[in-house]
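Since we're looking at a predicted model, the values are computed, not measured. Note on naming: letters A, B, ... go to the chains in the order of the sequence lines (proteins, then strands), and numbering restarts at 1 for each one.
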2 protein chains.
Amino acid sequence: MVASQFRPDLMSVIEDMGYRITQPRRDVVKLLETKPDGFGAEEIHGALPEVGRATVYRTIRLLLDIGVICKLVMRDGSTKYSLARVEHHHHLVCVRCGTVEEFLDSTIERLVRAIGAEVSGEILGHRIEFDVICKTCLDYAN
Amino acid sequence: MVASQFRPDLMSVIEDMGYRITQPRRDVVKLLETKPDGFGAEEIHGALPEVGRATVYRTIRLLLDIGVICKLVMRDGSTKYSLARVEHHHHLVCVRCGTVEEFLDSTIERLVRAIGAEVSGEILGHRIEFDVICKTCLDYAN
DNA sequence: GCAGTATTGAGACTGAGTATCAATATGGTT
DNA sequence: AACCATATTGATACTCAGTCTCAATACTGC
Ligand SMILES: [Zn+2]
Ligand SMILES: [Zn+2]
Ligand SMILES: [Zn+2]
Ligand SMILES: [Zn+2]
(Lines give C-alpha, C1' and ligand atoms only; values in the text may rest on other atoms or scores of the structure.)
(Ligands and ions follow the chains in the order given, each with its own letter.)
Protein backbone atom coordinates (compact mmCIF):
# COMPACT_ATOMS: atom_id res chain seq x y z
CA MET A 1 0.00 0.00 0.00
CA VAL A 2 1.31 3.44 -0.89
CA ALA A 3 0.13 6.97 -0.24
CA SER A 4 -2.55 7.90 -2.71
CA GLN A 5 -2.91 11.18 -4.52
CA PHE A 6 -5.50 12.22 -1.95
CA ARG A 7 -3.68 12.02 1.37
CA PRO A 8 -5.55 9.28 3.14
CA ASP A 9 -5.46 9.00 6.89
CA LEU A 10 -1.84 8.18 7.61
CA MET A 11 -2.70 5.99 10.58
CA SER A 12 -4.73 3.64 8.40
CA VAL A 13 -1.83 3.43 5.96
CA ILE A 14 0.38 2.39 8.86
CA GLU A 15 -2.21 -0.15 10.00
CA ASP A 16 -2.61 -1.53 6.49
CA MET A 17 1.12 -2.12 6.36
CA GLY A 18 0.77 -4.37 9.39
CA TYR A 19 2.22 -2.01 11.98
CA ARG A 20 0.50 -1.42 15.31
CA ILE A 21 -1.39 1.73 16.11
CA THR A 22 0.30 3.25 19.12
CA GLN A 23 -0.04 6.53 20.93
CA PRO A 24 3.46 7.77 20.04
CA ARG A 25 2.81 7.05 16.37
CA ARG A 26 -0.50 8.86 16.56
CA ASP A 27 1.19 11.84 18.19
CA VAL A 28 3.98 12.11 15.64
CA VAL A 29 1.70 11.68 12.65
CA LYS A 30 -0.83 14.17 13.99
CA LEU A 31 1.88 16.75 14.51
CA LEU A 32 3.47 16.39 11.12
CA GLU A 33 0.13 16.58 9.37
CA THR A 34 0.02 20.17 10.58
CA LYS A 35 3.49 20.93 9.17
CA PRO A 36 3.23 20.64 5.42
CA ASP A 37 6.38 22.67 4.77
CA GLY A 38 8.93 20.24 6.02
CA PHE A 39 10.16 19.64 9.54
CA GLY A 40 13.25 18.46 11.31
CA ALA A 41 13.35 15.39 13.54
CA GLU A 42 14.47 17.35 16.59
CA GLU A 43 11.70 19.82 15.99
CA ILE A 44 9.17 17.02 16.30
CA HIS A 45 10.91 15.68 19.35
CA GLY A 46 10.94 19.08 21.00
CA ALA A 47 7.23 19.47 20.40
CA LEU A 48 6.40 16.03 21.85
CA PRO A 49 8.04 15.65 25.26
CA GLU A 50 5.88 12.61 25.97
CA VAL A 51 7.45 10.70 23.07
CA GLY A 52 11.00 9.40 23.38
CA ARG A 53 13.64 10.66 20.98
CA ALA A 54 14.41 7.20 19.63
CA THR A 55 10.74 6.65 18.94
CA VAL A 56 10.49 9.90 17.02
CA TYR A 57 13.35 8.76 14.78
CA ARG A 58 11.92 5.27 14.46
CA THR A 59 8.55 6.65 13.44
CA ILE A 60 10.15 8.92 10.86
CA ARG A 61 12.03 5.95 9.44
CA LEU A 62 8.81 3.94 9.31
CA LEU A 63 7.01 6.71 7.45
CA LEU A 64 9.90 6.96 5.02
CA ASP A 65 9.80 3.21 4.47
CA ILE A 66 6.14 3.21 3.58
CA GLY A 67 6.69 6.24 1.40
CA VAL A 68 4.34 8.76 2.95
CA ILE A 69 7.04 11.30 3.73
CA CYS A 70 10.18 12.25 1.88
CA LYS A 71 13.61 13.08 3.15
CA LEU A 72 15.35 16.20 1.96
CA VAL A 73 18.93 17.21 2.48
CA MET A 74 19.00 21.00 2.49
CA ARG A 75 21.85 23.01 1.06
CA ASP A 76 23.17 23.77 4.52
CA GLY A 77 23.39 20.03 5.15
CA SER A 78 20.45 19.83 7.52
CA THR A 79 17.75 17.26 6.95
CA LYS A 80 14.07 17.91 6.60
CA TYR A 81 11.17 15.56 6.22
CA SER A 82 8.06 16.54 4.39
CA LEU A 83 4.65 14.97 3.82
CA ALA A 84 4.43 13.37 0.40
CA ARG A 85 1.17 14.30 -1.21
CA VAL A 86 1.74 12.65 -4.54
CA GLU A 87 3.75 9.58 -5.30
CA HIS A 88 6.42 10.62 -7.75
CA HIS A 89 7.41 14.24 -7.51
CA HIS A 90 10.33 16.59 -7.11
CA HIS A 91 10.98 19.53 -4.86
CA LEU A 92 11.23 23.26 -5.03
CA VAL A 93 13.11 24.31 -1.93
CA CYS A 94 13.23 27.96 -1.02
CA VAL A 95 16.80 28.83 -0.10
CA ARG A 96 15.60 31.73 2.01
CA CYS A 97 12.73 30.40 4.15
CA GLY A 98 13.16 26.69 3.58
CA THR A 99 9.63 26.08 2.40
CA VAL A 100 9.30 22.89 0.39
CA GLU A 101 6.93 22.70 -2.53
CA GLU A 102 6.21 19.60 -4.54
CA PHE A 103 6.68 19.76 -8.25
CA LEU A 104 5.42 17.69 -11.16
CA ASP A 105 6.15 18.01 -14.85
CA SER A 106 5.22 15.35 -17.34
CA THR A 107 7.62 16.71 -19.96
CA ILE A 108 10.61 16.31 -17.70
CA GLU A 109 9.53 12.78 -16.80
CA ARG A 110 9.24 11.85 -20.46
CA LEU A 111 12.65 13.32 -21.15
CA VAL A 112 14.15 11.49 -18.21
CA ARG A 113 12.79 8.23 -19.59
CA ALA A 114 14.19 9.04 -23.02
CA ILE A 115 17.61 9.65 -21.50
CA GLY A 116 17.52 6.15 -20.09
CA ALA A 117 17.88 4.82 -23.62
CA GLU A 118 20.96 6.92 -24.36
CA VAL A 119 22.85 6.09 -21.24
CA SER A 120 25.05 3.05 -20.80
CA GLY A 121 23.75 1.10 -17.86
CA GLU A 122 20.24 0.88 -16.46
CA ILE A 123 18.46 3.81 -14.87
CA LEU A 124 16.55 2.81 -11.74
CA GLY A 125 15.35 6.17 -10.52
CA HIS A 126 16.05 9.85 -10.36
CA ARG A 127 15.87 12.88 -8.13
CA ILE A 128 15.44 16.44 -9.30
CA GLU A 129 15.63 19.38 -6.98
CA PHE A 130 15.27 23.09 -7.57
CA ASP A 131 16.73 25.81 -5.40
CA VAL A 132 14.31 28.68 -5.55
CA ILE A 133 13.25 31.89 -3.90
CA CYS A 134 9.58 31.34 -3.32
CA LYS A 135 6.81 33.79 -4.17
CA THR A 136 6.35 34.83 -0.56
CA CYS A 137 10.02 35.65 -0.05
CA LEU A 138 10.16 37.54 -3.36
CA ASP A 139 7.11 39.61 -2.43
CA TYR A 140 8.49 40.25 1.01
CA ALA A 141 11.73 41.60 -0.53
CA ASN A 142 9.75 44.33 -2.30
CA MET B 1 38.38 31.39 -10.93
CA VAL B 2 36.48 28.20 -11.56
CA ALA B 3 37.48 24.78 -12.84
CA SER B 4 37.65 24.81 -16.61
CA GLN B 5 36.41 22.12 -18.92
CA PHE B 6 39.95 20.78 -19.15
CA ARG B 7 40.90 19.93 -15.58
CA PRO B 8 43.72 22.37 -14.94
CA ASP B 9 46.21 21.73 -12.21
CA LEU B 10 44.12 21.94 -9.08
CA MET B 11 46.97 23.42 -7.06
CA SER B 12 47.13 26.43 -9.32
CA VAL B 13 43.39 26.91 -8.99
CA ILE B 14 43.88 26.96 -5.22
CA GLU B 15 46.74 29.41 -5.56
CA ASP B 16 44.76 31.64 -7.90
CA MET B 17 42.03 31.82 -5.29
CA GLY B 18 44.56 33.29 -2.87
CA TYR B 19 45.08 30.22 -0.72
CA ARG B 20 48.52 29.03 0.22
CA ILE B 21 50.20 26.04 -1.30
CA THR B 22 50.89 23.63 1.52
CA GLN B 23 52.06 20.05 1.71
CA PRO B 24 48.80 18.70 3.18
CA ARG B 25 46.82 20.36 0.40
CA ARG B 26 49.18 18.93 -2.19
CA ASP B 27 48.81 15.47 -0.68
CA VAL B 28 45.03 15.52 -0.59
CA VAL B 29 44.68 16.93 -4.08
CA LYS B 30 47.18 14.50 -5.50
CA LEU B 31 45.35 11.56 -3.96
CA LEU B 32 41.93 12.55 -5.10
CA GLU B 33 43.11 13.17 -8.62
CA THR B 34 43.70 9.43 -8.78
CA LYS B 35 40.17 8.67 -7.54
CA PRO B 36 37.81 9.88 -10.21
CA ASP B 37 34.92 7.71 -9.02
CA GLY B 38 34.11 9.50 -5.84
CA PHE B 39 35.69 9.11 -2.44
CA GLY B 40 34.78 9.45 1.19
CA ALA B 41 36.51 11.86 3.54
CA GLU B 42 37.63 9.10 5.91
CA GLU B 43 38.98 7.16 2.97
CA ILE B 44 41.29 10.07 2.17
CA HIS B 45 42.25 10.42 5.80
CA GLY B 46 43.04 6.73 6.09
CA ALA B 47 45.27 6.92 3.03
CA LEU B 48 47.16 9.95 4.34
CA PRO B 49 48.35 9.33 7.89
CA GLU B 50 50.67 12.31 7.64
CA VAL B 51 47.73 14.70 7.23
CA GLY B 52 45.48 15.48 10.18
CA ARG B 53 41.83 14.57 10.02
CA ALA B 54 40.67 18.15 10.52
CA THR B 55 42.90 19.24 7.65
CA VAL B 56 41.45 16.61 5.35
CA TYR B 57 37.97 17.93 6.06
CA ARG B 58 39.12 21.54 5.75
CA THR B 59 40.72 20.82 2.40
CA ILE B 60 37.59 19.10 1.15
CA ARG B 61 35.55 22.10 2.23
CA LEU B 62 37.96 24.40 0.44
CA LEU B 63 37.73 22.39 -2.76
CA LEU B 64 33.95 22.43 -2.53
CA ASP B 65 34.00 26.21 -2.03
CA ILE B 66 36.05 26.81 -5.14
CA GLY B 67 33.88 24.36 -7.02
CA VAL B 68 36.41 21.79 -8.19
CA ILE B 69 34.75 18.87 -6.44
CA CYS B 70 31.13 18.06 -5.82
CA LYS B 71 29.44 16.62 -2.79
CA LEU B 72 27.11 13.70 -3.22
CA VAL B 73 24.75 12.23 -0.68
CA MET B 74 24.35 8.57 -1.55
CA ARG B 75 21.12 6.68 -1.09
CA ASP B 76 22.46 4.97 2.02
CA GLY B 77 23.07 8.38 3.54
CA SER B 78 26.84 8.33 3.21
CA THR B 79 28.64 11.22 1.60
CA LYS B 80 31.01 11.07 -1.31
CA TYR B 81 33.07 13.72 -2.98
CA SER B 82 33.96 13.57 -6.61
CA LEU B 83 36.21 15.58 -8.92
CA ALA B 84 34.20 17.97 -11.06
CA ARG B 85 35.47 17.75 -14.59
CA VAL B 86 32.97 20.07 -16.17
CA GLU B 87 31.29 23.01 -14.56
CA HIS B 88 27.60 22.29 -14.68
CA HIS B 89 26.71 18.62 -14.71
CA HIS B 90 24.64 15.99 -13.02
CA HIS B 91 25.40 12.53 -11.70
CA LEU B 92 24.79 8.95 -12.55
CA VAL B 93 25.44 7.03 -9.36
CA CYS B 94 25.66 3.26 -9.53
CA VAL B 95 23.63 1.85 -6.67
CA ARG B 96 25.68 -1.33 -6.70
CA CYS B 97 29.34 -0.25 -6.88
CA GLY B 98 28.96 3.45 -6.07
CA THR B 99 30.77 4.67 -9.15
CA VAL B 100 29.90 8.24 -10.02
CA GLU B 101 29.66 9.34 -13.61
CA GLU B 102 29.11 12.88 -14.76
CA PHE B 103 26.22 13.55 -17.03
CA LEU B 104 25.35 16.36 -19.42
CA ASP B 105 22.29 16.89 -21.55
CA SER B 106 21.49 20.14 -23.25
CA THR B 107 17.84 19.22 -23.74
CA ILE B 108 17.26 18.78 -20.05
CA GLU B 109 19.00 22.06 -19.34
CA ARG B 110 16.82 23.87 -21.84
CA LEU B 111 13.74 22.28 -20.30
CA VAL B 112 14.83 23.21 -16.82
CA ARG B 113 15.19 26.80 -17.93
CA ALA B 114 11.75 26.70 -19.54
CA ILE B 115 10.25 25.43 -16.30
CA GLY B 116 11.61 28.48 -14.55
CA ALA B 117 9.09 30.57 -16.43
CA GLU B 118 6.15 28.42 -15.36
CA VAL B 119 6.98 28.29 -11.70
CA SER B 120 5.97 30.90 -9.17
CA GLY B 121 9.12 32.20 -7.56
CA GLU B 122 12.61 32.41 -8.95
CA ILE B 123 14.71 29.36 -9.77
CA LEU B 124 18.32 29.77 -8.69
CA GLY B 125 19.70 26.34 -9.45
CA HIS B 126 18.94 22.68 -9.74
CA ARG B 127 20.31 19.24 -9.07
CA ILE B 128 19.50 16.11 -11.01
CA GLU B 129 20.67 12.71 -9.96
CA PHE B 130 20.13 9.30 -11.48
CA ASP B 131 20.32 6.02 -9.63
CA VAL B 132 21.70 3.51 -12.08
CA ILE B 133 23.29 0.13 -12.42
CA CYS B 134 26.40 0.89 -14.38
CA LYS B 135 27.61 -0.98 -17.46
CA THR B 136 30.32 -2.79 -15.53
CA CYS B 137 27.93 -4.08 -12.87
CA LEU B 138 25.41 -5.13 -15.52
CA ASP B 139 28.07 -7.05 -17.43
CA TYR B 140 29.34 -8.60 -14.26
CA ALA B 141 25.84 -9.88 -13.44
CA ASN B 142 25.79 -11.90 -16.69
C1' DG C 1 66.23 35.70 6.63
C1' DC C 2 62.20 38.01 9.02
C1' DA C 3 57.61 39.25 10.15
C1' DG C 4 52.97 38.60 9.84
C1' DT C 5 49.48 35.76 8.84
C1' DA C 6 47.43 31.44 7.09
C1' DT C 7 47.44 26.80 8.06
C1' DT C 8 48.07 22.69 10.69
C1' DG C 9 47.18 18.83 14.01
C1' DA C 10 45.68 16.77 18.38
C1' DG C 11 41.97 16.30 20.63
C1' DA C 12 37.64 17.95 22.59
C1' DC C 13 33.22 18.67 21.05
C1' DT C 14 28.63 18.65 18.46
C1' DG C 15 24.44 16.86 16.36
C1' DA C 16 22.01 13.44 13.87
C1' DG C 17 20.88 9.11 14.08
C1' DT C 18 21.22 4.04 15.84
C1' DA C 19 21.73 -0.02 19.14
C1' DT C 20 20.58 -2.13 23.52
C1' DC C 21 17.45 -4.03 26.53
C1' DA C 22 14.31 -4.24 30.23
C1' DA C 23 9.61 -2.53 30.77
C1' DT C 24 5.19 -1.78 28.57
C1' DA C 25 1.43 -1.53 25.26
C1' DT C 26 -1.04 -3.72 21.54
C1' DG C 27 -4.13 -6.91 19.06
C1' DG C 28 -5.78 -11.42 18.41
C1' DT C 29 -7.72 -15.22 21.02
C1' DT C 30 -10.55 -17.52 24.23
C1' DA D 1 -12.61 -9.33 30.17
C1' DA D 2 -8.39 -11.53 31.16
C1' DC D 3 -4.32 -13.77 28.57
C1' DC D 4 -0.57 -14.37 25.68
C1' DA D 5 2.92 -13.65 22.25
C1' DT D 6 5.20 -10.14 20.35
C1' DA D 7 5.72 -5.39 18.62
C1' DT D 8 6.89 -1.20 20.48
C1' DT D 9 8.71 2.05 23.71
C1' DG D 10 12.07 5.01 26.22
C1' DA D 11 16.31 5.86 28.78
C1' DT D 12 20.69 5.77 27.84
C1' DA D 13 24.93 4.58 25.75
C1' DC D 14 26.97 4.74 21.57
C1' DT D 15 28.62 5.77 16.68
C1' DC D 16 29.89 8.57 12.94
C1' DA D 17 30.71 12.64 10.21
C1' DG D 18 32.13 16.84 10.63
C1' DT D 19 33.53 21.19 13.32
C1' DC D 20 35.97 24.01 16.87
C1' DT D 21 39.92 25.38 19.70
C1' DC D 22 44.33 26.85 20.20
C1' DA D 23 49.16 26.48 20.58
C1' DA D 24 52.72 25.20 17.29
C1' DT D 25 54.29 25.50 12.54
C1' DA D 26 54.75 26.64 7.65
C1' DC D 27 54.06 30.06 3.79
C1' DT D 28 54.76 34.18 1.24
C1' DG D 29 56.02 38.82 0.46
C1' DC D 30 59.45 41.84 1.56
ZN1 LIG E 1 8.17 15.43 -1.41
ZN1 LIG F 1 10.79 12.49 -11.82
ZN1 LIG G 1 30.13 15.94 -10.17
ZN1 LIG H 1 21.37 20.93 -15.11
remark   = Quick note, A:Thr22 side chain, CB onward, closest among D:dG18, C:dA19, D:dT9 is D:dT9

message = Which is more 5' along DNA chain D, the nucleotide nearest B:Tyr19 or the one nearest A:Gly18? Just name the residue.
response = A:Gly18

key: Nucleotide D:dA11, atom P - distance to OH of A:Tyr57 in whole Å   = 15 Å

key: Among D:dC27, C:dG9, C:dG17, the nucleotide that comes nearest once only the side chain of A:Thr79 is considered   = C:dG17

task = In plain terms, say whether B:Asp65 and B:Arg61 are close enough for a salt bridge, that is, a side-chain N and a carboxylate O under 4.0 Å apart.
result = no

request  = Report which part of the nucleic acid B:Ser78 touches: base, sugar-phosphate, or nothing (heavy-atom distance under 4.0 Å, all strands).
outcome  = nothing

ask   = What is the distance from CG of A:Leu62 to C1' of D:dT8, rounded to the nearest Å?
value = 11 Å

ask   = Looking at side-chain heavy atoms only, is the closest gap between A:Arg58 and A:Leu62 below 4.5 Å?
value = no

key: From D:dG10, D:dT8, C:dT7, nucleotide with atom closest to A:Arg25 side chain   = D:dT8

request  = Using whole Å, report how far CZ of B:Arg61 lies from C1' of D:dG18.
outcome  = 8 Å

message = Within the 4.5 Å heavy-atom criterion, are A:Asp105 and A:Ile128 side-chain neighbours or not?
response = no

message = So, applying side-chain contact (heavy atoms from CB on, under 4.5 Å) with B:Val28, which one of B:Thr59, B:Leu10, B:Thr22, B:Thr55 is it?
response = B:Thr59

task = Indicate, yes or no, whether a donor-acceptor pair under 3.5 Å links the base of D:dG10 to the side chain of A:Arg53.
result = no

key: B:Ile14 CD1 - D:dT28 C1' separation (whole Å)   = 16 Å

message = Can you measure B:Arg58 atom CZ to C:dT7 atom P for me and round it to whole angstrom units?
response = 10 Å

Interatomic distance, A:Leu64 CG vs C:dA16 P [rounded to whole Å] = 16 Å

query = Under 4.0 angstrom, heavy atoms only, what part of the nucleic acid is A:Glu15 near: base, sugar-phosphate, or nothing?
reply = nothing

Among C:dG17, D:dC27, C:dT8, the one nearest A:Lys71 by side-chain distance = C:dG17

message = Taking CZ in A:Arg96 as the centre, count heavy atoms belonging to other residues, nucleotides or ligands within less than 6.0 Å. Is the count above 12?
response = no

key: Under 4.0 angstrom between A:Thr55 side-chain N/O and D:dG10 OP1 or OP2   = yes

Any donor-acceptor N/O pair under 3.5 Å between D:dG29 base and B:Arg20 side chain = no

Side-chain N or O of A:Tyr81 closer than 4.0 Å to phosphate OP1/OP2 of C:dG17 = yes

key: Atom pair distance, as rounded to whole Å: CD in A:Glu43 and C1' in C:dA16   = 14 Å

Atom-to-atom span, CZ of A:Phe39 to C1' of C:dA16 - whole angstrom = 15 Å

task = Please tell me which of the listed nucleotides, C:dT26, D:dG10, C:dA16, lies nearest to the side chain of A:Val51?
result = D:dG10

